[in-house]
Amino acid sequence: MHELSLVESLVTALEERARQEGWGRIQGVRLRLGALRQVVPEVLEFCFQGAIPGTPLAGAALELEEVPALFRCVGCGGEVPLGGRCPACGGPGGEMISGLEWEIVSVDVEEEG
């Protein structure tokens, strides 16, 4: 279950950023999560809720934006889904366009004082 280590890293990074920036309580976190990260969203949410008590994230909401795995068609440059063929020309996928994301999109914070 690598979701726990991902959450621990996320919480640690956000705690550090909160200290540096003088943030109050963190109310919400929005993440972009690529399909090839092999993360189970429900498990990630469970781990997140278990890791945040006693931190500036206590009670925070976690919102996930799931990103599909897409590749660039070697024939025409179109987008090819994982395991598929190009809908425009039938060519195979080559270069990865998306699917490995693990990015913080936004953090909603409460100002101190």
Side-chain angles (χ1 to χ4, degrees):
M1 176 168 66
H2 70 284
E3 287 87 352
L4 182 56
S5 63
L6 290 172
V7 164
E8 288 173 342
S9 295
L10 174 67
V11 170
T12 299
L14 288 173
E15 284 181 299
E16 179 63 28
R17 186 69 185 263
R19 273 192 298 280
Q20 291 172 350
E21 301 293 331
W23 292 347
R25 190 176 75 78
I26 296 173
Q27 299 173 315
V29 179
R30 184 167 178 222
L31 298 176
R32 285 177 40 91
L33 181 62
L36 296 177
R37 285 289 172 183
Q38 298 180 336
V39 171
V40 178
E42 296 81 11
V43 174
L44 188 74
E45 175 70 31
F46 178 80
C47 292
F48 181 79
Q49 293 306 322
I52 60 175
T55 74
L57 289 102
L62 179 64
E63 182 182 339
L64 299 177
E65 176 187 333
E66 296 182 57
V67 181
L70 294 173
F71 300 84
R72 179 122 9 250
C73 175
V74 297
C76 72
E79 292 183 353
V80 180
L82 178 64
R85 304 294 278 182
C86 179
C89 74
E95 175 188 4
M96 182 182 294
I97 300 171
S98 67
L100 288 176
E101 291 79 2
W102 171 252
E103 306 167 353
I104 298 172
V105 175
S106 63
V107 180
D108 296 325
V109 299
E110 188 177 88
E111 292 185 30
E112 282 191 314

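Basis for what follows: all heavy atoms, side chains included, without hydrogens, waters or symmetry-related copies. Bear in mind the structure is a predicted one, so any value in this text is a computation, not a measurement. Numbers here simply count residues along the sequence, with the first being 1.
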Exercise: identify the closest heavy-atom pair between [X] and [Y]:
X	Y	result
R85	P92	NH1-CB, 3.5 Å
R37	E101	CG-O, 3.4 Å
C73	C86	SG-CB, 3.6 Å
C76	A88	SG-CB, 4.1 Å
E79	P87	O-CD, 3.4 Å
R25	G59	NH1-C, 4.1 Å

Whichever hydrophobic residues join I97 through chains of side-chain contacts under 4.5 Å:
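Besides I97, the hydrophobic cluster comprises L70, listed by chain and residue number.
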
Residues passing the salt bridge (charged side-chain N to carboxylate O under 4.0 Å, His left out) test with E45, sequence neighbours excluded, are none

Not counting sequence neighbours, which residues clear salt bridge (charged side-chain N to carboxylate O under 4.0 Å, His left out) with E95? List them please.
none

Are [X] and [Y] in one and the same hydrophobic cluster, where Ile, Leu, Val, Met, Phe, Trp and Tyr link if side-chain heavy atoms are under 4.5 Å apart?
X	Y	result
V67	L44	no
W102	M96	no
L33	L36	no

Measuring from atom CD of Q49 to atom CG of L62, what distance do you get when rounded to the nearest 0.5 angstrom?
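The CD atom of Q49 sits 7.5 Å away from the CG atom of L62.
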
Could you state the interatomic distance from OG (S9) to NE2 (H2), rounded to the nearest 0.5 Å?
11.0 Å

So do I104 and L10 actually touch side chain to side chain, heavy atoms under 4.5 Å?
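They are in side-chain contact.
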
Quick one: does any side-chain atom of E110 pair with a main-chain N or O of Q27 as donor and acceptor, under 3.5 Å?
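Here the side-chain-to-backbone pair does not exist.
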
Between R72 and G77 (side chain of the first, backbone of the second, donor and acceptor by atom type, cut-off under 3.5 Å), is there such a pair?
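Side chain of R72 to backbone of G77, a donor-acceptor pair under 3.5 Å: yes, one is there.
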
Sole residue of L64, V105, V107 in side chain to side chain contact (heavy atoms under 4.5 Å, CB included) with L31:
L64

Does CD in E16 sit with more than 12 non-hydrogen atoms of other residues, nucleotides or ligands closer than 6.0 Å?
yes

